[in-house]
Every structure is written in structure tokens, then in C-alpha cells.
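Residues: numbered from 1 along the sequence shown.
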Amino acid sequence: MCEDLHPRHAGLNRRGLFVTGAAAALTLGTVSFAEGAEGRGPARGGAPGTKETRTVRGTLPTGSPDYVYLPVEVPRGVRELHVAYTYQKPAVPPGTQGNALDIGVFDERGTELGGEGFRGWSGGARTEFFVRADDATPGYIPGPVRAGTWHIALGPYTVAPDGLPYEVTITLTYGEPGRTPKPVYPPERAKGRGRAWYRGDCHLHSVHSDGKRTLAEIAALARAAGLDFINSSEHNTHAAHAHWAEHAGGDLLIMLGEEVTTRNGHVVALGTDPGTFVDWRYRARDNRFGKYARKVREAGGLVVPAHPHATCVGCNWKFGFGEADVIEAWNGPYTPDDEIALADWDSTLVASVRGGRRWIPAMGNSDAHRDPDPVGGPQTVVLADDLTREAIQEGLRRGHSYVAESKSVELAFSAAGGRGHHAGIGERLDVDRDAPVTVRLAVKGAPGCTARFVTDQGVLYTSPPLPESGAGTVEWRTTASYAAYVRAEVRHPATTPPLPGALTAFTNPIFLGD
């Protein structure tokens, strides 16, 4: 059975539409299956194996709210909810955004912020999904299809000047629900080497959001890239958490998280408790980010603003860094927006030393989605007490880390002062303001690259190119009065002087002074 509901969904001013209070959302008129399959009412449901379908058509105008909810009255006795959708993508003038429409679903528990009713999100990565007790499309959470009002969540990401015509088809299949599998999560400990440097990539995407790789493929590529740990970070869903356990092992720690993808920037929830969902349905002007940043920490995770200066729609970070534990200053292949992110992060270091405030470490991740995106390019190398979730997070939080473009690049960075004082990455060298300090950087795996030392005054030293062996040691002398901190960069030869070459690696700073 197909029902055209176009007159009730043609625009925001039509009867049957009303605005909800949460996060600038709109609720459309309800789709009803009240008669049930073959004329049966909601108390009885349909005969096992029978299907019933409703189709909704409408047009969302320019200026639509961020989220549009389509209520669906689900009767008793439903085994599976299946949703398919399409929308038109007309040509638009140069420089104008075309149509893009995301989709997800909330169950009978509702759409309130916090996500109690959240059952899955695929963004714009797929055109259909299903949910049932024993299985669900990747990105969605298996569980019973209980009777009540479910909501198809539409996200008009961008809308063309002439509007966004859409069609949503909902199919219910009746029958016994089946058994929901008990989730099994990866262990929080792998076989480490005690206190050592561990390599990781904490921003990765699979088929559970908009990636094209399976979890098995990602795990294999992580091992090939020399990684010791990774973090699950699907867009706006934690559905992958329950599928990672079989891919973990003594040689690979798999942490769980989410890329919280708002309309004002993305943030990686890094290493949260299994099954943690973090809501994304707010903008900076809504003053809600602090609440969900706290939720990430309460769930044992780190708050990591991702690619803060990326140019894609909605990617540029608008929430400020007051809630950040770590900043992703290098995302994927090194591009101009990474150069801006690195400079912006360096400015936060200057502000911290001059204002006596806490400093925020930086990291780098691949954000790999599909071939040929390299997993572990770049990767963050963390000094941790062991290969555990807690130890890795502590190393990241304290800035005991550096970022390298691949497993072939190794750095050792330290500073030494009088009376045998020394400090490593992320530490403070306690010396008098005018006491001489020797900064030392040892590099491996960077042939032809140059090393440079960056301070609160800018770049104060650049080395000659490293030999073809890629190995070398660079030293520089300074004082705490001249440099409040020193961090190291290793860069490829410049292709367009006087602009610097792309990064090979960079470190978090060493602070100088008492």
C-alpha cells in the first residue's frame, strides 16, 4: 500500500507541520499504519511475514531547520522497520550550494537531546536502512521495533535555492522480533611494552558511517601502518562499538568513540566507555556544547576538536577551545588548512604561557575513509606507561606525544639545563630565566627534510637538510628569558618558497622556566 502525503509535507507553512523546541527542529505530520497489514488494527498487527508501506513526498525550502522529524506510528507486532529515501539534486549556479539530505532514526522513546531514543544515523552515506531486533544496517542499533511513535530524522545539510524535493518510503514487516545480541566490546588493554612510545590513529571511518572500509580492513591497515592503537570515530553514531572486539588483539588496542558532527564543527570523542552516544544536534549559538563535552569526559573520553580549519560545509570549528583536551592540528594529507590549524594551535600556546593558563596539546590523525586514504597518515606517537586506554589517554592529555607522517619517522626531543636538569616532550624544564638551555632533536626517517625550532617568538632556528639516510641530530642553545617554550618541526623541502614545506613531523612543546 502506497500513500502520497505530498499536500501535508510540501512546505513549512502547511497544515500538519509544527516547530519543536529542541535544536531548531521541525516536526512533520504523522505517518500512520493504524489499520495494520491486511486491515488489522494496531493491537493485533499484521500476519507474520506481511509488509506494509507508506511513501511521503515533500519539499524543504531554503532556510529549513537543521533537523526535520517525520513521525511514524508503529503498531504492535512489527519485526522490521525499513526506510528508503531519495531527493532531487538540481543544477545550481556556480558558487551556490546544492541539495544534501542526511537521514537517521529515533525510536518510540523520542527525539529529545541526549539521544535516549537514538537508533542510528547514516548521514548521506546510504539511501536506505533497516532496524530489527537481531540485526541492523551498519550505523544503526539492533533492538526490538516496539510499538509507538518513531521519528525518521532528516537533516537538510544544504538546500538549493529552489528547495529540496524528497521522498521517504517506510516499510514495516510483521512477525516475531528475534533476539537482540548482547554487545561484546574490545578490551581496554593490549600487550604493551611497559613505559614506551606507542603509535596510534584516533580518527577513522568505516562502513558504519561514511567510510567504505570494513572494520577488518581498517584493523589490517592499522597493523600494516605500525600502529599500536586506534579509536573508533564514526559520524554521529556509536553503532560500530559492538563490532570491534574480534579485530582487537594483543598487538592492537581499539578504543571506542564518536565523531560528533555538528553544523559548527566536528569533535572526536576519544576513548569513551563502550556504548556511549554523544548528541550532535546543536550549534555554537545554542550554548549546549559544554554539556556534551562534559558527557564525553564523564564517559572516560577526551574532547578533541577535529580539523578545526577544514573548508567543508559545517567543518570549521566555531565552539572555541575552552572545552578541548587535545586539538587535532594535522588531519590527513598535509594541506593549507592544516598549516592554519598548526599556527592557530601555536597561538594558544603563546596565550597560555603569557596568561598563566593551561595549555592544550596537539595531535594528528588520518581521518581515513576509503582507498587510497592511508590509515596512520599521520599518526600520533604517545609516551605512555602501558598500552591501555587509560595510559594512552593520559599521555595525550599531558602532551607527551609527537605527530609523524608514517611509521618510518622517529623523533627524540629533549631540553637540558644546568645541574643535570632535563625535560622531554610535554614537560617543563625548571631553570633560571638566564640559565643556558640546550635543546636537542634526533630524527630518523626524514631524508632531505629540515628541522626547525619554534618558540613563543616564532621560528628561531632552521637546520640544513638532513642527509639521504634520513637521520640526524640538531642542537640549539637558548634561555627561558628568550623562549618560554620550544617545539620542533620537521618539514619536507619547500615547493613554493618562501612558504614552508609540508610537515613530516612535529612535537608538542617543552616549556622553559620555573
Do the side-chain N and O atoms of [X] and [Y] include a donor-acceptor pair separated by under 3.5 angstrom?
X    : Y    : answer
N264 : T262 : no
S366 : Q379 : no
Y157 : Q97  : no

Verdict with supporting geometry, F289 and V303, side-chain contact (heavy atoms from CB on, under 4.5 Å):
CA-CA 11 Å; F289 176 67; V303 176; 4.0 Å; yes
Run the side-chain contact (heavy atoms from CB on, under 4.5 Å) test against A196 and tell me which residues pass, sequence neighbours left out.
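Testing A196 for side-chain contact (heavy atoms from CB on, under 4.5 Å), a comparison that skips the adjacent residues, returns R193, Y198.
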If the condition is side-chain contact (heavy atoms from CB on, under 4.5 Å), which residues does A125 pass it with, not counting sequence neighbours?
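Checked A125 against side-chain contact (heavy atoms from CB on, under 4.5 Å); matches are D210.
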Disulfide (SG to SG under 2.5 Å) partners of residues 296-381, not counting sequence neighbours, each pair once
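Every pair satisfying disulfide (SG to SG under 2.5 Å) with a residue in residues 296-381: C312-C315.
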Carboxylate-amine/guanidinium proximity below 4.0 Å for [X] and [Y]:
X    : Y    : answer
D102 : R126 : no
R263 : D66  : yes
K295 : E298 : no
R452 : E489 : yes
D107 : R119 : yes
D346 : R487 : yes
R297 : E323 : yes
E339 : R491 : yes

Check for a donor-acceptor pair, side chain of [X] on one end and backbone N or O of [Y] on the other, with a separation under 3.5 Å.
X    : Y    : answer
S401 : V381 : no
H151 : T111 : no
S233 : L204 : yes
D373 : H369 : yes
N508 : A362 : yes
D367 : G332 : no
D228 : L252 : no
D201 : G376 : yes

Candidate list L70, T169, I152, test side-chain contact (heavy atoms from CB on, under 4.5 Å), partner V56, passing option:
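Only match with V56 under side-chain contact (heavy atoms from CB on, under 4.5 Å): L70.
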Please identify which of these residues, L503, V409, V403, meets the side-chain contact (heavy atoms from CB on, under 4.5 Å) condition with P378.
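With P378 as partner, L503, V409, V403 yield a single side-chain contact (heavy atoms from CB on, under 4.5 Å), made by V403.
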Any idea how W280 and F277 line up, ring-wise: parallel (<30°), tilted (30 to 60°), or perpendicular (>60°)?
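The arrangement is perpendicular - the two ring planes meet at more than 60°.
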Indicate the ring-plane relationship of F118 and F106, choosing parallel, tilted or perpendicular according to the 30° and 60° boundaries.
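The arrangement is perpendicular - the two ring planes meet at more than 60°.
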Tell me whether the centres of the aromatic rings in Y485 and W359 are closer together than 6.0 Å.
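Ring centres of W359 and Y485 not closer than 6.0 Å.
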Please confirm whether the ring centroid of F506 lies under 6.0 Å from the ring centroid of W345.
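Centroid distance F506-W345: below 6.0 Å, so yes.
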Can you measure from CG (L342) to NE2 (H309) and round to the nearest 0.5 angstrom?
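Atom-to-atom, L342:CG and H309:NE2 are 10.5 Å apart.
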Do Y292 and Y282 pass the ring-ring contact (aromatic ring centres under 6.0 Å, His included) test, and can you show the C-alpha distance, the side-chain angles, and the key distance before you say yes or no?
CA-CA 10 Å; Y292 293 102; Y282 42 83; 5.1 Å; yes
Write down the atom of W317, the atom of H266, and the distance for their closest heavy-atom approach.
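Where W317 meets H266 most closely, the heavy atoms are CZ3-O, 3.3 Å.
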Looking at every non-hydrogen atom in both residues, tell me the closest pair between L411 and T507 and how far apart they are.
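The pair with the smallest heavy-atom distance is CD1-CG2, 3.7 Å.
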Give a yes or no on this: more than 12 heavy atoms of other residues, nucleotides or ligands lie within 6.0 Å of atom CZ of R109.
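Enclosed: over 12 neighbouring heavy atoms sit under 6.0 Å from CZ of R109.
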Is R283 atom CZ crowded by more than 12 heavy atoms from other residues, nucleotides or ligands, each under 6.0 Å away?
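Above 12, so yes.
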